[in-house]
Number of protein chains: 2
Amino acid sequence: MTGNAKKLETVAVERKRGSGVKYVYDVLRDEILDLTLPPGSPIDEIQLSERLKMSRTPIREALVRLASEGLVSTLPNRSTIVSNIDFLNLHTFFDALTLMYRVTTRLAAENHVAADLIAIKAHQAAFSKAVAAQDALAMIATNRDLHAAIAEAGRNPYYTSLFCRLLDEGRRLLRIYYQSYDDRLPHEYVEEHNQMIAAIEARDIDLCDRLGQQHADQIVAQIQKMISRDRRHPIAL
Amino acid sequence: MTGNAKKLETVAVERKRGSGVKYVYDVLRDEILDLTLPPGSPIDEIQLSERLKMSRTPIREALVRLASEGLVSTLPNRSTIVSNIDFLNLHTFFDALTLMYRVTTRLAAENHVAADLIAIKAHQAAFSKAVAAQDALAMIATNRDLHAAIAEAGRNPYYTSLFCRLLDEGRRLLRIYYQSYDDRLPHEYVEEHNQMIAAIEARDIDLCDRLGQQHADQIVAQIQKMISRDRRHPIAL
DNA sequence: TGTATTTTACTTGTCGACAAAATTTCCGCG
DNA sequence: CGCGGAAATTTTGTCGACAAGTAAAATACA
């Protein structure tokens with residue numbers, strides 16, 4: 001339709017019974033966060049069922065799940081669409097994101113065990129590699145995974161789930177601007193991450209709090225800079 | 001089965017098309033939070049479809065939604081069960097609840113408009129009435145609605161959704177103990193609520209923060225008192 | 001030609017049915 | 001009498017079909 005139908009022939013044969021819904025959910029979720037399915041685009045159940053070689057039932061169940069997580073919006077008796085990004089209320093997003101950065105990093109300092117640090121450092125290595133390769137998209141993904149791992153180490157599932165939701169929304173947001181301008185994530189992030197990891201390892205809760213706040217401020221400032229540089233009028237669609 | 005099948009003949013005829021999933025979702029959600037469906041009890045799709053006079057499709061979609069909100073757990077190829085309450089990790093619940101009490105009350109002080117206060121005061125009136133009537137179950141419900149309204153006035157949907165999830169979980173928790181011992185919610189809550197509302201109206205952010213913390217501490221202390229008074233060994237099932 | 005209305009086509013919501021998994025029951029064997 | 005395995009029953013996951021509702025197209029009318 002709108003020219004961005006590149007690799008939409010995802011086919012899978014002989015999938016195991018029971019994995020259907022999860023499969024559809026994962027595919028759709030990825031495509032939504034990638035902006036392969038741009039915000040506002042309608043999702044046709046029949047098209048999807050043909051593309052994924054699957055009945056409409058598991059697709060509908062995946063859509064229900066995506067809807068309950070806010071990634072799609074279901075208009076009754078009408079098509080469900082990919083949720084729009086509400087630029088007018090971005091400050092609420094920044095506010096929650098900042099708080100979660102602080103809280104999860106604090107808790108990681110308190111509650112992490114040895115295995116957590118190993119996982120965190122692995123993610124940080126992947127992030128460094130993405131930065132070295134100047135691969136903006138990989139940076140976004142690995143940064144997300146790193147902070148998700150820190151949140152996991154904090155051992156509070158309520159915070160973790162909210163934080164992951166926010167990180168995903170952020171992934172979508174960053175994609176918008178990495179498509180328009182091919183910017184680079186500031187190099188300092190690698191160093192900031194290293195400081196955070198060291199603080200977690202040292203179980204320095206207050207320092208983790210400060211670093212979390214600082215890291216969040218950085219990211220928020222960067223996104224805001226991108227938005228203000230964008231000449232389009234930011235309106236919720 | 002376990003003797004608590006009291007009013008399970010909820011029937012509805014001639015429902016409007018499109019409302020099916022929401023209807024099933026609301027019924028199940030209520031019964032789960034009421035403990036009419038106790039934690040761990042299996043949910044049989046066929047039984048449900050017979051009870052609600054409905055095909056299995058909308059019921060499954062409702063279950064998917066409940067699962068994504070953590071109210072039920074789906075075991076692959078096996079029955080889905082009502083989520084258990086994880087007594088071993090209650091501290092994570094208390095931690096998140098306390099933070100959300102503080103944050104939402106703060107934000108309400110910042111962002112509320114006139115209409116919000118009207119709604120909040122209406123809920124507080126309902127809560128007072130429930131206290132006067134010594135109706136513990138109504139107290140739980142109206143208390144929840146009051147704080148949800150305060151969160152709404154804070155205008156941050158991310159906090160609101162997490163907070164509502166926590167309040168619901170709390171509703172289930174309180175139900176357990178209000179069934180065993182017919183306790184009473186402390187009378188002071190009415191006065192605390194009034195102080196919070198006054199602080200919100202005065203836009204005193206710091207005071208709101210303190211009152212939110214204090215209120216949360218009260219509630220957490222009460223729940224912990226109930227748990228410690230309970231002689232059963234609290235184990236996650 | 002533009003607008004209102006009917007007709008058509010398409011999409012969603014719901015249903016009953018079938019097949020794969022898993023649990024339970026039943027039987028044989030030690 | 002107890003245990004292991006096979007048959008049977010139950011329950012889930014998936015499918016194709018139909019009905020209700022909506023948007024688009026076609027037609028009628030001013």
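Numbers restart at 1 for each chain; the letters A, B, ... are given by sequence-line order, proteins then strands.
Atom CD of B:Glu61 and atom C1' of C:dT12 are 10 Å apart (whole Å). Atom pair A:Ile46:CD1 and D:dC15:P shows a separation of 14 Å (rounding to whole Å applied). For the pair A:Lys22 NZ and D:dG13 P, the interatomic distance rounds to 14 Å; values are reported in whole Å. In this structure, CD of B:Glu45 is placed 15 Å from P of C:dG16, rounded to the nearest angstrom. If you measure from atom CG of B:Asp44 to atom P of D:dT9, you get 18 Å, rounded to the nearest angstrom. Between B:Glu50 atom CD and C:dG16 atom C1' the separation is 14 Å, expressed in whole Å. When rounded to the nearest whole Å, the span between CG of A:Leu75 and P of D:dT22 equals 12 Å. Look at CD1 on A:Ile59: it is 12 Å from C1' on D:dC15, rounded to the nearest Å.
When each of A:Pro76 and A:Ser55 is assigned the nucleotide of DNA chain D bearing its nearest heavy atom, the one mapping closer to the 5' terminus is A:Ser55.
For B:Thr57, whose side chain is taken as the heavy atoms from C-beta onward, the closest listed nucleotide among D:dT12, C:dT11, C:dC15 is C:dC15. For A:Asn77, whose side chain is taken as the heavy atoms from C-beta onward, the closest listed nucleotide among C:dG16, C:dG13, D:dT14 is C:dG13. When distances are taken from the side chain of B:Arg60 to each of D:dG13, C:dT11, C:dC15, the shortest belongs to D:dG13. Nearest nucleotide to the A:Pro58 side chain, out of C:dG13, D:dG13, D:dC15: D:dC15. With distances taken from any side-chain atom of B:Ser79 to the nucleotides D:dT12, D:dC15, C:dT14, the minimum falls on D:dT12.
By the 4.5 Å heavy-atom criterion applied to side chains, B:His147 and B:Thr104 are not counted as neighbours. No side-chain heavy atom of A:Leu71 sits under 4.5 Å from any side-chain heavy atom of A:Val82. Counting heavy atoms from C-beta on, the side chains of B:Pro39 and B:Arg172 come closer than 4.5 Å. Proximity of B:Leu66 to B:Thr80: side-chain heavy atoms (C-beta onward) are nowhere separated by under 4.5 Å.
Atoms CD1 and CD, from B:Ile59 and B:Gln47 in turn, are 10.5 Å apart once rounded to the nearest 0.5 Å. Annotation: the span from A:Asp135 atom CG to A:Thr142 atom OG1 amounts to 8.5 Å, rounded to 0.5 Å. The line from CG of B:Leu162 to CZ of A:Arg165 is 9.5 Å long, rounded to the nearest 0.5 Å. Note: B:Leu48 CG to B:Glu31 CD = 8.0 Å, rounded to the nearest 0.5 Å.
For the pair A:Arg78 and C:dT12, the criterion of a side-chain N or O lying under 4.0 Å from OP1 or OP2 is not met. Applying the 4.0 Å criterion to OP1 and OP2 of D:dC15, one finds that A:Arg56 has every side-chain N and O outside that range.
Recorded end-axis angle for the helix from C:dT1-D:dA30 to C:dG30-D:dC1 stands at 10°, based on five pairs per end and rounded to 10 degrees.
Of the possible donor and acceptor atoms, one in the side chain of B:Asp44 sits under 3.5 Å from a partner among the backbone N and O of B:Ile46. Here the side chain of A:Arg51 pairs no donor or acceptor atom with the backbone of A:Ser49 at under 3.5 angstrom.
Only at 4.0 angstrom or more do the heavy atoms of residues 62-73 of chain B sit from any atom of DNA chain D, so none qualifies.
Backbone-only contact: B:Ile43 has heavy atoms under 4.0 Å from sugar-phosphate atoms and none from a base.
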